[in-house]
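Take a look at the structure set out below.
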Protein chains: 2
Amino acid sequence: MDQLFSNKLIKEPRKADNIEFRALEITDFEKGFSELLQQLTEAKFEKSKFLERFIQMKNQPDTYYIIVAEDITTNRICATGCLFVEKKFIRSCGTCAHIEDIVVDSRYRGKNLGLKVIEHLKHIGNTLGCYKLILDCDEKNVKFYEKCGFERKGVQLSCYNTTIIPKAKL
Amino acid sequence: MDQLFSNKLIKEPRKADNIEFRALEITDFEKGFSELLQQLTEAKFEKSKFLERFIQMKNQPDTYYIIVAEDITTNRICATGCLFVEKKFIRSCGTCAHIEDIVVDSRYRGKNLGLKVIEHLKHIGNTLGCYKLILDCDEKNVKFYEKCGFERKGVQLSCYNTTIIPKAKL
């Protein structure tokens, strides 16, 4: 129950230059997972909440694939990304992989870690047989994702749930 | 086990002008669900595949919310839309609702059915406490979704799994 999914799904080599790519583990709360996500957006949560969410994700098999990159010299998480699999009826009851919540610790930028996170997630999505991978990003990040093999497809729109915004302190 | 989720989640009134909005049901294969999806994209599947996928979605609780609009004079499905809920660590371990696979039968256009599908899905997402709803669309459909209360947020990119395209006959 320690890992969100099997590391066998992760492309080899998983380790290089003191960085190890692997599935999210239940002990990653202590390794700075929440602090890293806070570089992306509001992401404060207690350990108990982390464990609860981890177990919920794990109990939904073949769905959540969160990878992390750990600096094995400091035992801190320095990058992460999520791939989750949507079951569909279209495309002969196919599956579509969504890439979400990519973040690289600001102290580790310029080392191609973002590119590696995406490559690892693409490998997982392809291995699982998803007919496509999709992601949304700001205009300023489009070039980066094009380098990763993605193509501009459409427009992302959003609608915030105003009834809960005050509570969630967005 | 007949319904994907409870109709109690659907905003009232569910019925008007001989059109009933409700959760996807296991008998909807016979009511033209696959044929309707084919107006959107490749969506041919056998009844056995439909049942298998229906059960998989149902077994993933609090995740898949596919609604249909049935013409109660013909007992055929004339519109559908999917909301699925992604569990996250960000936003205090919040949930994000994705809107996917919206289609209105070409013979039923001009009756505001698309708008109603989106309103129903928004209601479900808000009721479930999702901190935001997101969707991707072509540039030509942005105006429609803005009318539905969505705002332009970013760019959608995609990457097709070329290793399976021949098999899936995309």
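Each chain gets a letter, A, B and so on, in the order the sequences are listed, and its residues count up from 1.
Here the closest heavy-atom approach between residue B:T95 and residue A:R53 is recorded as CG2-NH2, 3.6 Å. The two atoms that bring A:C159 and B:G149 nearest to each other are SG-O, 3.7 Å, heavy atoms only.
Of the residues considered (A:F45, A:Y145, A:F84), A:F84 shows the highest number of contacts with chain B, using heavy-atom pairs under 4.5 Å. The candidate from B:D62, B:L37, B:N141, B:I134 with the greatest count of non-hydrogen atom pairs under 4.5 Å with chain A is B:I134.
Only the side chain of B:Y64 comes within contact range of chain A, with at least one heavy atom under 4.5 Å from a heavy atom of that chain. At a 4.5 Å heavy-atom cutoff, the contact between A:I66 and chain B is made by side-chain atoms alone. Using a 4.5 Å cut-off between heavy atoms, A:V85 contacts chain B through its backbone alone, with no side-chain atom that close. With a 4.5 angstrom heavy-atom cutoff, A:F150 touches chain B via backbone and side-chain atoms both. Within the 4.5 angstrom heavy-atom criterion, no atom of A:I118 approaches chain B. Contact of B:E52 with chain A is not made at all, since no heavy-atom distance falls under 4.5 Å.
Interatomic distance, B:E100 CD to A:E86 CD, rounded to the nearest 0.5 Å: 4.0 Å. The distance from the NZ atom of B:K153 to the CD atom of A:Q156 is 5.5 Å, given to the nearest 0.5 Å. Rounding to the nearest 0.5 Å gives a distance of 11.5 Å between CD1 of B:I90 and OG of A:S34. Note that SG of B:C82 and NZ of A:K87 are 12.0 Å apart. Values are rounded to the nearest 0.5 Å. To the nearest 0.5 angstrom, B:T63 atom OG1 is 10.0 Å from A:Q56 atom CD. Between B:L157 atom CG and A:C148 atom SG the span is 10.0 Å, to the nearest 0.5 Å.
Between B:F33 and A:F89, the ring planes are perpendicular. Angles over 60° get that label, and only those under 30° would be called parallel. Aromatic ring orientation, A:Y131 versus B:Y160: tilted (interplanar angle from 30° to 60°).
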#### Entry: salt bridge (charged side-chain N to carboxylate O under 4.0 Å, His left out) evaluation trace for B:K88 with A:D101
CA-CA 9 Å; B:K88 286 190 176 279; A:D101 305 334; 2.9 Å; yes

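Partner B:S92 forms a side-chain hydrogen bond (donor to acceptor under 3.5 Å, both in side chains) with one of A:K44, A:E46, A:K49, A:E42 and no other, that one being A:E42.
Side chain of A:N126 to main chain of B:N161: no donor-acceptor pair is present (N/O by atom type, distance under 3.5 Å, no hydrogens or angles).
Dense packing is recorded around CZ of B:R109, with more than 12 heavy atoms of other residues, nucleotides or ligands lying under 6.0 Å away.
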